[in-house]
Amino acid sequence: MRAADQHPEPRVRLLGHRPPLDGIRALAFLGVFVGHAALAAGGDPGAVAMFVFFALSGFLITSLLVGERFTTGRVALRRFYGRRALRLLPALYLFLATWLLVMLVAGGFPWATSVPQGGPGGPEPLHTALHAVWVAACYFMNWAEVLALFHHYMAIGHLWSLAVEEQFYLVWAPLVVALCAWRLRAVTAAALALATGSLLEVFLLYHHGQGELRVYMGTDTRAAAFLLGGALAVTWARGGLRWLEQQAPTLVLAGLAGLGLLWAAGPWSAAGAVLGPTNATSAFLARWVVATFAAPLLVLAAVTRPTGPLARLLSGRLLGYLGSRSYALYLWHYVFLTWFRSLGTPGVVLALVSTLAAAELSWRLVEQRALGLKRRLTSLPDPAPTPSHLAR
C-alpha cells in the first residue's frame with residue numbers, strides 16, 4: 001500500500017449556505033431597528049446587534065477565503081474584491097442616489113432631518129448632503145463621524161458600520177491569503193493575537209479620554225469581533241476544538257444572561273447619570289467584552305448544530321426572508337425612521353413597512369442581478385488536494 005493511501009491528505013470543511021445564518025442576520029437587523037426607533041427602554045439592542053453583524057462577517061469572509069484557498073490552491077484577491085463589490089455597491093448606490101434626490105427636493109423640511117431617537121436635526125445644506133454621500137460611497141463614514149467632519153445631523157450616518165466592515169476586509173483578506181500560504185493554524189494565531197490587541201486598545205483609549213465615539217466607531221477597536229469570528233471559522237474548517245462546538249450554545253446563553261444583567265445596570269452609553277461615571281464606564285467595557293465573545297459563539301453554535309433547537313428557530317421562513325434582505329433593510333431603515341419618527345408609534349410602523357418595501361424593490365431591481373454576476377465569479381474548479389503541512 002502506498003504511503004499516500006495510508007496518510008490521506010487532510011481537507012477542510014467548506015461552509016456553503018447555512019439557513020441559520022440568515023436568521024442571525026434577521027435578528028440582528030431587528031435589534032438595530034428597535035434600537036434606532038428608541039423602542040427598548042433602558043437599553044439598546046442595536047449596540048449588541050453590531051457585534052453580531054461584525055462577528056458573522058468575520059466568520060463568513062474568512063470561511064470563503066480559506067475555502068477557496070484549499071479547493072483551488074490559491075485565492076484571487078481581485079476576484080474576491082470583485083465579488084464583494086457586486087454584492088454591496090449596487091444596493092448602496094441605489095440607496096444613496098434615492099436619499100440624495102429626496103434631500104434635493106425636501107431637505108429644507110423638518111421631517112426630512114429629524115432624529116429618530118429624539119431631538120432636532122436641523123436643515124442640511126446641499127453641499128453637506130453631497131459630502132455625506134461621497135463619504136459613504138467611499139466607505140469612510142465611521143472616521144468622518146469620529147473626526148466630526150459633519151457639522152449637521154446626517155441621516156445616513158448609520159453607514160459607519162459598513163465602512164468598518166469594508167476597511168477590515170481590505171486588511172484581513174490579504175493577511176489571510178498570506179498566512180494560508182504558510183499554515184492554516186497561523187490564521188487562527190494571528191486572529192487571536194490581533195483580537196487581544198483590539199480589546200486592550202478599547203480599554204486604553206477609553207481610560208485615556210479618547211471618547212466613546214472613537215471606541216464605538218473605530219475600525220481598530222471594532223476588529224475583535226471580526227477576528228474572533230475569523231478564528232472560529234478556521235477552527236471549524238479544520239475540525240478542531242470539538243468541545244467548543246459542543247459547548248457553544250451553553251456559552252451563548254451565558255453571554256446573553258450576562259448582557260441582560262449588564263443591561264439592567266443601565267444604558268449602553270457610559271455617560272452614567274444613574275450609575276455614576278466610574279460604574280458606567282465599567283458597565284460599558286463589560287458589555288463590550290461580553291458581546292465581543294458571545295457574538296462569534298452564536299455564529300458557531302448556529303453552524304455546528306444545524307438540527308439543534310437554535311438552528312431550527314433561526315431557519316424559519318420569516319427570518320430567512322428578512323435575513324436574505326438584511327443588507328437593504330439596514331441601508332433603508334434609518335432614513336425612514338428619520339422621516340416618519342415624528343408621527344410617533346404610527347411613524348415607526350410606517351417606517352418598518354416602508355423599509356420592507358424598499359428592501360424588496362432593491363432586491364428585485366439590483367441585488368438579484370448583481371448576485372447573478374457574482375455567482376459567475378464564485379464558481380470554483382474541482383477541489384484540489386490540500387498539502388498536509390498547510391492544513392495544520
Side-chain angles (χ1 to χ4, degrees), residues 27-28 31-32 34-36 38 40-59 117 142-143 145-148 157-158 160-161 163-165 167-168 172 190-232 248 250-300:
L27 291 179
V32 169
V34 168
H36 282 161
D44 184 2
V48 177
M50 284 294 100
F51 289 92
V52 176
F53 273 129
F54 294 156
L56 181 57
S57 291
F59 190 95
Q117 291 92 341
N142 62 322
W143 292 110
E145 296 276 6
V146 170
L147 299 173
H158 66 297
W160 71 268
S161 61
V164 169
E165 289 198 30
Q167 292 159 19
F168 178 79
W172 181 239
L192 294 176
L194 292 171
T196 301
S198 177
L199 288 172
L200 289 175
E201 188 181 18
V202 169
F203 282 81
L204 291 174
L205 288 174
Y206 212 97
H207 284 292
H208 284 79
Q210 290 296 312
E212 196 169 311
L213 193 63
R214 168 65 180 87
V215 172
Y216 196 83
M217 293 189 177
T219 311
D220 48 350
T221 50
R222 282 291 187 173
F226 287 103
L227 291 163
L228 291 177
L232 289 181
T250 302
L251 295 173
V252 169
L253 290 175
L256 292 175
L259 287 173
L261 292 174
L262 291 168
W263 189 331
W268 180 274
S269 172
V274 177
L275 296 174
T278 301
N279 291 334
T281 297
S282 299
F284 175 87
L285 294 174
R287 289 187 187 97
W288 191 281
V289 172
V290 173
T292 296
F293 283 93
L297 288 171
L298 173 62
V299 177
L300 183 66

Validation row: Leu297, Leu228 side chains within 4.5 angstrom (heavy atoms) = no
Given the side-chain rings of Phe284 and Tyr206, with only the six-membered ring counted for Trp, is the space between their centroids under 6.0 Å?
-> yes
State which residues pass ring pair (Phe, Tyr, Trp, His ring centres under 6.0 Å) with Phe293; sequence neighbours excluded, sorted by chain then number.
-> none
Closest approach of Ala191 to Trp172 (non-hydrogen atoms, all atoms of both residues) | CB-CH2, 3.7 Å
What residues form a ring pair (Phe, Tyr, Trp, His ring centres under 6.0 Å) with Phe59, not counting sequence neighbours?
-> none
Stepwise, does the side chain to side chain contact (heavy atoms under 4.5 Å, CB included) test hold for Met50 with Val32?
-> CA-CA 8 Å; Met50 284 294 100; Val32 169; 3.6 Å; yes
How far apart are the closest heavy atoms of Ala291 and Pro296, and which atoms are they?
-> O-CD, 4.3 Å
About how many Å separate CZ of Phe226 and CZ of Phe51, when rounded to the nearest 0.5 Å?
-> 11.0 Å
Under 3.5 Å, sequence neighbours excluded: what are the donor-acceptor pairs made by side chains of residues 197-204?
unit_1	atom_1	unit_2	atom_2	d
Ser198	OG	Asp220	O	2.6
Ser198	OG	Thr221	O	3.3
Ser198	OG	Ala224	N	3.4

Of all residues at least two apart in sequence or in a different chain, which pass the side-chain hydrogen bond (donor to acceptor under 3.5 Å, both in side chains) check with Trp160?
-> none
Identify the two heavy atoms, one from Ala47 and one from Tyr216, that lie closest to each other, and give their separation to 0.1 Å.
-> CA-OH, 3.4 Å
Heavy-atom closest pair (Val34 atom, Pro45 atom, distance to 0.1 Å) is CG1-CG, 3.8 Å
Any side-chain heavy atom of Arg222 within less than 4.5 Å of one from Phe168?
-> no
CD on Gln167 to CG on Asn142, rounded to 0.5 Å | 4.0 Å
Listed by chain and number, what are the side-chain hydrogen bond (donor to acceptor under 3.5 Å, both in side chains) partners of Glu145, not counting sequence neighbours?
-> none
Set of salt bridge (charged side-chain N to carboxylate O under 4.0 Å, His left out) partners for Glu165, sequence neighbours left out = none
Taking every non-hydrogen atom, the tightest pair across Val164 and Met217 | CG2-O, 3.7 Å
